[in-house]
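A quick write-up on the structure given underneath.
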Number of protein chains: 2
Amino acid sequence: MVRSDARENRARILAAARQAFAEDDDTSMNRIAQLAGVGPGTLYRNYPSREVLILEIYQEEIERLIGTVDELLATATPVEALRRWTLDLVDGMRTKHSLGAALSPDAHQSMAEKSYGPVIAAITRLLDAGKAAGVIRADAEPVDFLQLTGALWRAAPDRSEPMLALILDGLGKNGDVSVSR
Amino acid sequence: MVRSDARENRARILAAARQAFAEDDDTSMNRIAQLAGVGPGTLYRNYPSREVLILEIYQEEIERLIGTVDELLATATPVEALRRWTLDLVDGMRTKHSLGAALSPDAHQSMAEKSYGPVIAAITRLLDAGKAAGVIRADAEPVDFLQLTGALWRAAPDRSEPMLALILDGLGKNGDVSVSR
DNA sequence: ACCTGAACACCGTTCAAGT
DNA sequence: ACCTGAACACCGTTCAAGT
């Protein structure tokens, strides 16, 4: 059973971290503990590492993003749905910078399944819709697509749309491009 | 005029840094100074920041890469030249990890002109060759391409070839794809 | 003119001691 | 059962003191 002060501390840490990360993406763990009014030990008791804390904070955002897939697929063509969803994702990565880092696994460090898995699943659904409709090449890989998305986020804001258009053209079936423009 | 010990120190720092980075990409500055047998102050006197040191080290590699453009363009089609050159670049980024970070500018931090400029120039030449031959879309931007290259480097090694194929297809002129496969 | 190395203000993380 | 906060082993960088 959870002590009430423990429950309160957890909430205060989340609130402090959310606000701190909104202002500065690489606020230190000690500073977050300080802002939350707890010792660093308490912070680490709740969130054993920096990455875990960040993923917890952006969990809602990720769930929101995943929740939009159905409606997009119902109201737009597969490629257009993919285009809109990706721009939404990149926008989220841009304003919540650490989210981008969390979703862009470097070559060898494995990613937390809790958010990476569902995001890959969402992308899979979007790509599959396009494959079923015959407008996206059958060998398109969701992980490759997410990886390329990381490049969009790192680029200057005004470059992400043209870069995405280029990627979408590359995803189109040969002789069957020009779907997305 | 340069004192002889100063010249020696500079050489020893470079040698130590080169070896240290080859083993561990994020060796600390203090450790490099220690390996070179100099005080940290001397290290910083020669290379005022971490980034400057890294760029100095990989300058040769960058020059080598740039030097291959002419021959590639002379012996292969523009798209194939671009493909080979990019795989070479990504391979360099992978084995010299910090080089990749140095060439993948995050959204707002400007990059050292000394290496970023020439690399962009090399990509421009490769893209222009394809544009002149009518096999690469006229609006392809070198900076976008370099940015996407960063995603290849961050991906698992066996994914970079298929991802590059996808990008190259996206770069192809509409109705004129399948050039690179 | 150049070097040394102690020092500064941090960092992420741990853990003995408390309540 | 949970919290505190001093402490650890670092980090990049600076600068007074030396030669």
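Chain naming here is simple, since letters A, B, ... match the order of the sequence lines and numbering starts at 1 in each.
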In terms of heavy-atom contacts, A:Y47 and A:R10 come closest through OH-NH1, 3.3 Å
Please find the pair of heavy atoms, one from A:A36 and one from A:I13, that lie closest to each other, and give the distance.
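Nearest pair, atom of A:A36 first, then A:I13: CB-CA, 3.8 Å.
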If a pair means Watson-Crick or G-U wobble with both distances below 3.5 Å, what does DNA chain D look like in dot-bracket form, with | marking bases paired to a different strand?
||.|||||...|||||.||
Please answer whether the main-chain N or O of [Y] pairs with a side-chain N or O of [X] as donor and acceptor at a distance below 3.5 Å.
| X | Y | answer |
| --- | --- | --- |
| B:T124 | B:I120 | yes |
| A:W85 | A:L65 | yes |
| B:K131 | B:A138 | yes |

For DNA chain C, what residues of residues 15-46 of chain B have any heavy atom nearer than 4.0 Å?
B:G37, B:V38, B:G39, B:P40, B:G41, B:T42, B:R45
Taking CZ in B:R31 as the centre, count heavy atoms belonging to other residues, nucleotides or ligands within less than 6.0 Å. Is the count above 12?
no
From B:M93 CE over to B:Y58 OH, what is the distance, rounded to the nearest 0.5 angstrom?
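With rounding to 0.5 Å, CE (B:M93) is 12.0 Å from OH (B:Y58).
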Nearest-0.5 Å distance, CZ of residue A:F21 to CD1 of residue A:I54:
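Nearest 0.5 Å value for the CZ-CD1 distance: 4.5 Å.
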Salt bridge between A:R84 and A:E80, side-chain N to carboxylate O under 4.0 Å?
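Between A:E80 and A:R84 there is a salt bridge, with a charged N closer than 4.0 Å to a carboxylate O.
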At the 4.0 Å heavy-atom cut-off to chain B, mark where contacts on DNA chain C begin and end, going 5' to 3'.
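Contact span on the strand: C:dA1 to C:dA6.
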A:L43, A:L35: one ILVMFWY side-chain cluster at the under-4.5 Å cut-off?
no
